[in-house]
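First up is the structure itself, then whatever we jot down about it.
Values reported hereafter were calculated over all heavy atoms of this structure, with side chains retained and with hydrogens, waters and symmetry mates removed. The chains referred to below are lettered A, B, ... by the order of the sequence lines, with proteins before strands, and numbering in each begins at 1.
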Protein chains: 2
Amino acid sequence: MTASTATLAETAKPRDNKRPQVLDSAARYFREQGYAASSMRDIAAAAGMKAGSMYYYFASKEELLVAVHEEGIRRITKAVNAALAGPAGPWERLEAAMSAHLASLLDGGDYAQVVTRELPRDDGPARRRLIGMRDDYETIFRGLVDALPLPPETSRRHLRLMLFGAMNWTQHWYRPAGDTPEAIARAFVSVLRKGDQP
Amino acid sequence: MTASTATLAETAKPRDNKRPQVLDSAARYFREQGYAASSMRDIAAAAGMKAGSMYYYFASKEELLVAVHEEGIRRITKAVNAALAGPAGPWERLEAAMSAHLASLLDGGDYAQVVTRELPRDDGPARRRLIGMRDDYETIFRGLVDALPLPPETSRRHLRLMLFGAMNWTQHWYRPAGDTPEAIARAFVSVLRKGDQP
DNA sequence: GTCTATAGCAAGATAGAC
DNA sequence: GTCTATCTTGCTATAGAC
């Protein structure tokens, strides 16, 4: 607060804040082992500290999960919005957004993958807030699908739900040696676009 | 073995075998709470016994998961094959198979939902066998997609992967009060079929 | 901020009586 | 077949020294 001499982006002493490392470690474990199977000890060890020390940054394991979720949604939202700055055509915009979503999910996307897979089980305020954030994100795609030139009888809701399913399911079959996220997005759009536009 | 007087479908004494109840209970818990968060005590209680007694039927918790998987794949394969007995057109056959898959997944489908969500984490023989069974099942859809009349440039592989993603993602948004599994299958096919055939 | 130590509890699995 | 009792292990979280 009174940091008249502090450098930018540092609200506290620079040397102590290992919060990002803790969060990275948690994201990696939650993705690889699942939330329930990840222990605070393991997460702490990978972040270079002991389990007890993590409670300085996060009051509980669930709070750690919530923080990973928030960061994941923040990152993927940012990536998709950045990708939408360029293209103008409705199909091109959809493909760009899908490409960014897939890249976030598939290329080292510990955070994003946790978002699609682990949600706090009990119906507390934490769970509801995360669902709200996820819904906000999905609103972007609602707009993109609504902008597509489609036959009037097409259910845009089902098309959007298909897209999310197709995208988030890629985690189960994606291999780094195979298609890139961009290629997958292109292929998905091409399947849908069939007769519509040259 | 020497059961010359035993009735059909009973290899042992009829009154003792509570294995199906145990399996049902495990499937329900694995679906509702996830594998890691389900305790042998809870599963046993819902099956009307104590935790120790379950080890008479299954040697470990993981063996219970494998058995639920096998039963789940068996059921959904049977349902899809039955649905394919009727229709003849390629799109009609795909829609029938999707409808059966979705019904298995969404209508009280504890077993099927576990198949799509929980896999043994460590790379043992159990995990590999389950993946093999799942791949065999997916072969059915490979044939159905290959039979579709599509523009030559369409990637049938990506179309098939889209379908599985779209179908298995329905668990996350399906509500019993909304669309039926049949209606969802119809809507998905209609999105894909667009200009192709009247 | 990070440590050690530990409280307090729940888990999977086993042994042996019945 | 099912029970009770228990072993062993691992977990989250806290307390207090440094």
Quiz prompt | side chain to side chain contact (heavy atoms under 4.5 Å, CB included) against B:Ala126, all qualifying residues, sequence neighbours excluded | solution = B:Val66

Could you check how far [atom1] of [X] sits from [atom2] of [N], rounded to whole Å?
X       : N      : atom1 : atom2 : answer
B:Phe58 : D:dT2  : CZ    : C1'   : 16 Å
B:Lys50 : D:dT2  : NZ    : C1'   : 11 Å
B:Gln33 : C:dA10 : CD    : C1'   : 15 Å
A:Ile43 : D:dC11 : CD1   : P     : 10 Å
A:Asn17 : C:dT2  : CG    : P     : 9 Å

Quiz item: Which one, C:dT4, D:dT2, D:dT4, comes nearest to the side chain of B:Tyr57?
Solution: D:dT2

Practice problem: State, without any angle test, whether A:Glu62 and A:Ser60 hold a side-chain donor-acceptor pair at a distance under 3.5 Å. | Solution: no

Quiz item: So, A:His101 versus A:Asn168: side-chain donor-acceptor pair below 3.5 Å or not?
Solution: yes

Quiz item: Where do A:Pro87 and A:Ala83 come nearest, in terms of heavy atoms and distance?
Solution: CD-O, 3.3 Å

Practice problem: Establish, with yes or no, whether the OP1 or OP2 oxygen of D:dT2 is under 4.0 angstrom from a side-chain nitrogen or oxygen of B:Tyr56. | Solution: no

Quiz item: When you check the gap from the basic side-chain N to the acidic O, do A:Glu138 and A:Arg142 get nearer than 4.0 Å?
Solution: no

Practice problem: Would you give a per-nucleotide map of nucleotides 12-18 of chain C, 5' to 3', where B means the base has a protein non-hydrogen atom under 4.0 Å away, S means only the sugar-phosphate does, and - means neither? | Solution: BBB----

Practice problem: Kindly state whether the ring of B:Phe30 and the ring of B:His69 have centres lying under 6.0 angstrom apart. | Solution: no

